[in-house]
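I have placed the structure first, in the form of structure tokens, so that the comments after it can refer back to it.
Residue numbers run from 1 in the order of the sequence given. The figures here come from the full heavy-atom set of this structure, side chains too, leaving out hydrogens, waters and symmetry mates.
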Amino acid sequence: MKIELAKSYGFCFGVKRAIKIAENSSGAVTYGELIHNPLEIDRLKKEHNVGLAKSLDEIMSDEVIIRTHGITKKDKEILEKNGKKLIDATCPFVTKPQQIVEEMSKKGYDIVIFGDEKHPEVKGVKSYSTNQNRTFVILDVEELKNIKFREKIVVVAQTTRKVSEFLTITGYLIENYKEVRVFNTICNATFENQDAVRELSKKADVMIIIGGKNSSNTKQLYLISKQNCKNSYLIENEDELNPEWFKNKNLCGVSAGASTPEWLIQNIINKIKQIKD
Ligand code: SF4
């Protein structure tokens with residue numbers, strides 16, 4: 001059995017940047033998970049003494065790293081008020097929709113955020129709106145149909161969303177409202193990893209997608225893969241590999257979410273090699 005890596009996979013620019021920032025911030029804590037990968041968070045703790053605080057009350061350190069997908073404006077203000085030194089590892093692609101939402105809500109636009117309202121990135125982006133009553137987080141067109149918008153609308157997307165779905169949503173708004181300003185805030189890393197997994201899953205007999213099970217971009221990769229290759233599996237570490245998956249298979253494709261470290265990917269590939277032997 002041949003093992004082939006997707007042309008683009010794993011760490012994106014924003015995550016690499018955040019890890020570098022954390023590695024240089026010994027003694028600090030991240031407020032919330034820096035990236036969606038428990039193993040990398042453990043490594044940062046062990047090798048670089050960077051802790052994790054899950055709530056504001058848990059923060060004992062004076063230095064606080066803001067995670068890749070950002071925090072709410074209110075939490076940021078509380079931290080500043082408590083005299084914490086903030087080390088901002090928010091990905092610039094996440095800062096951008098935060099700024100757009102703040103600026104355009106001030107100008108009187110209704111705001112539509114295409115994304116999952118429970119996701120920390122979306123909570124953060126939404127918090128920057130100066131008019132919370134006119135800011136709507138939606139996941140599909142059906143939800144839009146129930147909302148009566150005013151004249152002017154701004155649309156942004158969670159960075160990891162599918163472009164095709166964003167087009168459906170913006171298309172509906174443009175057809176039905178006069179002034180719709182669309183900001184494509186879906187990030188390139190998502191496109192590249194998605195395109196590569198699409199291509200590879202079309203020819204692979206089995207696909208292994210590596211990443212945190214709570215990572216939305218990893219889940220997207222898995223869903224795309226599953227559309228083309230029914231033997232697609234989402235795993236967090238090598239212990240989850242099942243030898244049965246590889247029986248009578250010729251090509252095993254491998255991809256990984258944007259927060260998956262290279263060492264973990266290599267461990268898993270080595271384990272797959274052992275299995276097939
Ligand atoms: S996936 Fe994109 S938005 Fe998210 S951290 Fe990476 S570069 Fe930034």
Side-chain angles (χ1 to χ4, degrees), residues 6-18 35-37 67-71 89-105 109-129 135-144 153-175 177 180-201 209 211-212 214-228 234 255-260:
K7 286 205 182 92
S8 170
Y9 65 92
F11 276 179
C12 58
F13 147 81
V15 167
K16 278 190 199 142
R17 180 177 168 273
I35 58 170
H36 272 147
N37 189 289
R67 63 193 174 204
T68 329
H69 40 251
I71 59 174
T90 310
C91 176
F93 294 133
V94 175
T95 311
K96 195 171 131 208
Q98 291 176 346
Q99 288 166 342
I100 294 168
V101 164
E102 185 163 38
E103 190 187 323
M104 301 310 271
S105 60
Y109 282 81
D110 279 357
I111 306 286
V112 174
I113 303 169
F114 167 42
D116 173 3
E117 65 181 345
K118 289 192 240 56
H119 193 284
E121 176 193 319
V122 174
K123 283 186 189 163
V125 169
K126 181 169 188 258
S127 74
Y128 278 80
S129 169
T135 303
F136 306 90
V137 179
I138 54 97
L139 268 175
D140 55 41
V141 169
E142 288 314 306
E143 289 180 61
L144 282 180
I153 306 169
V154 155
V155 200
V156 296
Q158 186 179 353
T159 51
T160 45
R161 286 287 138 187
K162 273 194 196 155
V163 176
S164 55
E165 290 176 8
F166 191 49
L167 288 174
T168 310
I169 280 155
T170 52
Y172 170 85
L173 288 170
I174 290 166
E175 266 169 20
Y177 292 91
V180 182
R181 300 193 58 183
V182 177
F183 292 86
N184 179 7
T185 51
I186 297 175
C187 102
N188 287 338
T190 315
F191 292 135
E192 286 163 11
N193 286 359
Q194 287 182 2
D195 287 348
V197 90
R198 190 172 290 116
E199 197 186 309
L200 183 55
S201 59
I209 312 293
N214 55 354
S215 150
S216 86
N217 81 82
T218 308
K219 269 188 269 176
Q220 293 277 12
L221 290 181
Y222 168 71
L223 290 175
I224 292 172
S225 176
K226 187 94 183 159
Q227 276 170 8
N228 300 313
L234 169 53
S255 181
S259 329
T260 310

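Atom-to-atom distance recorded for Tyr9:OH and Phe11:CZ is 11.0 Å, nearest 0.5 angstrom. The distance from the CZ atom of Phe191 to the CG atom of Asn184 is 5.0 Å, given to the nearest 0.5 Å. Here the straight-line distance linking atom CG of Leu144 with atom CD1 of Ile138 works out to 4.0 Å at 0.5 Å rounding. Within the model, atoms OG1 of Thr218 and CD1 of Ile209 stand 9.0 Å from one another, a figure rounded to the nearest 0.5 Å. Here NZ of Lys162 is found 5.5 Å from CD1 of Ile224. Values are rounded to the nearest 0.5 Å. Distance CD1/Ile111 to OG/Ser129: 5.5 Å, rounded to 0.5 Å.
In this structure, the side chains of Thr160 and Lys219 stay at 4.5 Å or more apart for every pair of heavy atoms. Side-chain contact check for Lys126 versus Val101: every heavy-atom pair is 4.5 Å or farther apart. Residues Val182 and Phe166 have side chains in contact (heavy-atom distance under 4.5 Å, counting atoms from C-beta outward). Two residues are said to be in side-chain contact when any heavy atoms from C-beta on lie closer than 4.5 Å; Thr159 and Val94 meet this criterion. Side-chain contact between Gln194 and Leu223 is absent, with no heavy-atom pair separated by less than 4.5 Å. Between Lys7 and Glu192 there is no side-chain heavy-atom pair separated by less than 4.5 Å.
Arg67 meets the side chain to side chain donor-acceptor pair (under 3.5 Å) test with no other residue; sequence neighbours excluded. Checked against side chain to side chain donor-acceptor pair (under 3.5 Å), Ser8 has the following partners two or more places apart in sequence or in another chain: Asn193.
Using the six-membered ring where Trp is involved, His69 and His119 have ring planes that are perpendicular, over 60° apart on the 30 and 60° scheme.
Checking side-chain atoms of Arg17 against main-chain N and O of Cys12 turns up no donor-acceptor pair under 3.5 Å. With hydrogens and angles disregarded, no donor-acceptor distance shorter than 3.5 Å links the side chain of Ser225 to the backbone of Leu221. The main-chain N or O of Asp116 is found under 3.5 Å from a side-chain atom of Gln158 such that the two form a donor-acceptor pair.
The nearest pair of heavy atoms linking Ile71 to Ser127 is O-OG, 4.5 Å. Residues Tyr128 and Gln98 approach most closely at CB-O, 3.5 Å, considering heavy atoms. Nearest heavy-atom pair, Asp140 versus Ile169, reported as atom, atom and distance to 0.1 Å: CA-CD1, 4.2 Å. Closest of all the heavy-atom pairs between Asn228 and Ser201 is ND2-OG, 3.0 Å. Scanning all heavy atoms of the two residues, the minimum distance from Ser164 to Thr168 falls at O-OG1, 3.0 Å. Counting all heavy atoms, side chain and backbone alike, Ala157 lies closest to Ile186 at CB-CG1, 3.7 Å.
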Worked verdict on Leu139 versus Arg161 for side-chain contact (heavy atoms from CB on, under 4.5 Å): CA-CA 10 Å; Leu139 268 175; Arg161 286 287 138 187; 3.5 Å; yes
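Heavy atoms of other residues, nucleotides or ligands lying less than 6.0 angstrom from CD of Glu143 number more than 12.
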